[in-house]
S.K.: 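Below is one structure. I have some questions about it.
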Amino acid sequence: MRAAQLAALNRYVPFNVALMMVNVLMLANVLGDHPRRDFLSVWATVLGGLSVLWIVRFRRTKKQGATEQASAFHFWLVTAEVLTFGVLWAAMSVVMAAEAGDAGQGLILLLSIVAMGASGFAAAIMPVCGIATISLIGLGIMVALPADSLVWTAPVVVALATYWLVIVRGVLVTTSALMARMRTQEALREQGEVVRLLLHEFEANGSDFLLEVDEHGCLTHVSRRLCEVSRRDRASLLGRTIGQLAGAEDAGQRSHLRRIFREQAAFRDVVISVRVGEEQRWWALSGTPKFDFEGRFAGFRGVGRDVTEVKRSQERIAMLARFDPLTGLANRTLFQEALDEMLGKQDRPLLLLVDLDYFKRINDQLGHAAGDRLLIAVAARLREVAGPEAMVARLGGDEFAVLSAGDDSFGASLADRLVRAMGEPFMAGQQQVQTGASLGWVLAGEEDGDGEILLKSADLALYEAKSAGRGRACRFAPAIRARAEERRGLEKALAGALEAGQFSLAFQPVVAAVDERVIGFEALLRWDHPELGRVGPDRFIPIAEESGLIVPLGHWVIREALRWAARWPADISVAVNLSPAQLEDEALIPVIEAALAETGVAAARLELEITERLFLVETPAMAARMKALGMLGVHFALDDFGTGYSAMGYLQKAAFSRIKIDRSFVSRAGKGTEASAIIEAIVHLAHSLGMTTTAEGTETRAEVDICRELGCEQMQGYFFGRPMPPEKATALVCEARQAAE
């Protein structure tokens with residue numbers, strides 16, 4: 001109703017505005033010498049602005065087309081604008097009429113009558129707006145004209161009142177006629193429902209339901225059966241589109257529905273997913289197009305039926321054979337088939353492998369149920385990020401794969417988006433879980449061969465991403481395969497290196513900052529292979545950790561380090577590095593206890609160095625093992641402090657006796673530098689927690705002096721000695737002790 005009223009008012013805007021402008025100009029010309037001509041200028045300007053507003057709205061409405069609804073706010077806003085015109089005209093009469101003279105008063109009266117007629121005619125279907133406006137104009141002229149005016153006589157007053165009554169009656173009659181016409185139209189629409197009522201028996205006794213939508217896809221008829229199957233009332237369904245009714249979040253489904261309406265052709269058994277309450281169901285829709293009397297497309301009429309059980313049975317059969325039952329993703333078999341099919345079509349598939357970081361820790365800490373919920377959430381996010389055109393699969397455990405078409409730039413972009421998405425928190429049921437993912441990807445054409453070779457290449461890139469620190473993506477390159485082959489060779493050689501006696505220890509001195517006296521050594525593992533030569537720890541330690549060889553190798557290092565420490569003075573300590581894998585070893589504590597008892601070295605002389613990386617994979621068993629070692633009397637040092645994951649909480653998780661400040665800060669230390677401020681802050685932190693600090697990598701006298709000034713109690717670096725054979729380390733401390741005595 002509001003929309004119809006506003007449309008009728010807007011229809012006469014150009015004519016009424018033009019008429020008003022003519023009258024305003026004529027009034028300005030006649031009253032040009034009026035004492036209040038300044039007011040007249042302002043008044044005419046305001047009316048001009050109001051006219052511009054109406055013209056702009058008229059043009060916009062004409063361009064956009066008529067609307068079927070109008071808000072109450074918009075309706076009353078337009079009403080207020082028309083009333084503003086009435087107020088302005090009444091104000092002009094009051095201000096100008098008294099001093100306008102007989103001719104001017106006559107013109108004002110005549111133009112006021114014209115304004116009343118135009119306002120009543122234009123707002124004839126808006127009774128409040130029309131009656132109020134003409135009343136304002138009429139009252140304005142009645143108040144404005146002085147009693148002794150030649151144009152203000154009893155017949156004029158009666159005529160003006162009569163004219164007002166005629167216009168008021170016209171407004172009321174026009175409004176009544178408009179409402180009657182709209183009721184008639186509604187009645188005609190109701191008559192169109194007779195055919196639908198004839199189908200009521202069919203719908204009530206069958207499983208199908210009737211469906212009718214307009215050209216925009218909005219429901220125009222809602223049957224009782226449709227309300228039952230959708231579990232919604234008629235009012236909430238009327239006017240909704242099929243996409244809204246179906247909850248068509250899927251882009252492919254929305255696209256298919258749009259194509260049906262675009263083609264305006266009959267369709268049969270189009271299956272759409274429907275959200276009914278909390279349940280996912282499926283409907284099969286069939287329909288034929290309908291057209292109005294002028295042959296224009298007016299929507300579809302048809303039937304629908306619930307095919308949920310059939311759909312679920314088909315899906316269960318398919319999922320058992322080719323889909324992962326937990327996440328609903330494709331399994332390895334289906335993924336391999338899709339990959340081979342793309343290769344067979346001479347396409348260049350883009351293959352990405354995604355592996356969750358620290359998933360085992362989440363399973364151990366929160367339980368397997370939480371781990372399963374996390375995998376389901378990960379699968380959903382992978383689908384969302386990869387898009388509907390890509391295939392997402394779960395290959396097993398916490399390893400996923402994405403198969404898509406694309407070029408180099410698309411592959412890099414998709415890999416980056418996947419890694420960033422996996423870094424966002426997940427909701428595993430009611431628990432928020434923070435994980436991450438490493439990703440390896442390869443584009444067909446970089447590797448010749450079948451799908452299995454592509455998978456291996458992507459897996460090598462995934463391993464490279466994990467080795468580089470996790471939480472990142474890596475693209476396959478031939479150099480990665482070369483490194484992998486080298487790694488396999490090292491792993492094979494490493495398996496027999498311990499029994500072959502190829503390992504040895506080197507000891508680097510740790511000195512007291514105050515007098516540069518040796519107070520301990522750090523044991524460093526060395527591997528001398530008969531063919532490969534000296535193999536650096538940065539190459540073989542990661543392999544030993546991944547293969548599990550770090551555990552027996554760590555046992556040997558502890559026993560060997562304590563065996564040499566037994567030959568040193570009783571106040572000289574020995575530090576041994578421990579990896580997270582060693583702290584998961586149940587035999588660690590018995591091995592340390594046996595080595596201490598066998599060598600006679602006091603537990604307080606043994607210091608175990610761990611890095612902050614440990615706390616990313618820490619388990620309750622590891623924490624209990626560290627506590628037991630502390631009770632045994634063994635000390636702990638936090639190595640490479642400040643380089644990665646430093647936080648106050650880590651220092652409180654274990655009774656550290658020493659913090660080792662990373663060499664990257666020491667090398668950049670200098671008065672007034674940021675590194676100096678960091679070192680000083682670490683020293684203050686350590687002192688407040690009752691710990692000592694060691695400056696690693698001190699290579700020059702200047703670095704030594706600066707670190708001493710900043711409060712470091714201990715130093716370690718090439719300035720005081722490179723890692724040396726155990727015999728030389730033993731001679732160094734024994735000779736120094738003899739010289740002191």
Side-chain angles (χ1 to χ4, degrees), residues 1-24 27 39-40 42-58 61 69-97 108-145 152 156-182:
M1 174 61 73
R2 286 193 296 264
Q5 289 174 307
L6 291 178
L9 177 66
N10 195 60
R11 190 178 305 121
Y12 302 110
V13 162
F15 176 80
N16 288 339
V17 167
L19 178 66
M20 182 176 67
M21 288 296 99
V22 170
N23 290 342
V24 168
L27 191 64
F39 171 83
L40 187 64
V42 174
W43 175 79
T45 302
V46 174
L47 277 183
L50 198 59
S51 300
V52 170
L53 171 65
W54 290 339
I55 290 296
V56 169
R57 182 183 293 139
F58 171 80
T61 303
Q69 293 184 346
S71 67
F73 172 80
H74 183 57
F75 177 83
W76 290 112
L77 176 64
V78 174
T79 299
E81 293 171 3
V82 177
L83 290 176
T84 300
F85 167 76
V87 170
L88 288 170
W89 196 276
M92 182 274 298
S93 299
V94 171
V95 173
M96 304 295 293
I108 291 175
L109 174 61
L110 181 60
L111 293 182
S112 296
I113 293 173
V114 172
M116 290 173 63
S119 300
F121 178 76
I125 41 76
M126 298 173 65
V128 174
C129 178
I131 294 173
T133 302
I134 63 176
S135 297
L136 284 170
I137 297 173
L139 288 174
I141 191 61
M142 291 178 70
V143 171
L145 291 175
W152 191 240
V156 170
V157 172
V158 172
L160 185 62
T162 303
Y163 183 63
W164 179 85
L165 288 173
V166 170
I167 297 177
V168 168
R169 183 178 182 278
V171 169
L172 296 176
V173 170
T174 303
T175 302
S176 177
L178 173 66
M179 291 186 173
R181 180 167 59 86
M182 295 186 72

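Here, residue 1 is the first one in the sequence, and each next residue gets the next number.
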S.K.: Nearest heavy-atom pair of Met116 and Ile134: which atoms, and what distance?
M.R.: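 Answer, listing the atom of Met116 first, then Ile134: O-CG2, 3.2 Å.
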S.K.: Can you list the residues that meet the side chain to side chain contact (heavy atoms under 4.5 Å, CB included) rule with Leu110, with sequence neighbours excluded?
M.R.: none
S.K.: Listed by chain and number, what are the side chain to side chain contact (heavy atoms under 4.5 Å, CB included) partners of Ser71, not counting sequence neighbours?
M.R.: Phe73, His74
S.K.: I need the minimum non-hydrogen distance between Leu40 and Leu27, along with the two atoms involved.
M.R.: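 Result for this residue pair: CD2-O, 4.2 Å.
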S.K.: Taking side chain to side chain contact (heavy atoms under 4.5 Å, CB included) as the test, write out the residues that go with Val17, two or more places apart.
M.R.: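 Listed in chain order: Val13, Met21, Ser51, Trp54, Ile55.
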S.K.: Only counting residues at least two apart or in another chain, list the ones meeting side chain to side chain contact (heavy atoms under 4.5 Å, CB included) with Val46.
M.R.: Val42, Leu88
S.K.: Apply side-chain hydrogen bond (donor to acceptor under 3.5 Å, both in side chains) to Arg169 and list each qualifying residue two or more places apart in sequence or on a separate chain.
M.R.: none
S.K.: Among Val22, Val24, Asn23, find the one that has a side chain to side chain contact (heavy atoms under 4.5 Å, CB included) with Met20.
M.R.: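 Result for side chain to side chain contact (heavy atoms under 4.5 Å, CB included) with Met20: Val24.
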S.K.: Can you list the residues that meet the side-chain hydrogen bond (donor to acceptor under 3.5 Å, both in side chains) rule with Ser135, with sequence neighbours excluded?
M.R.: Trp164
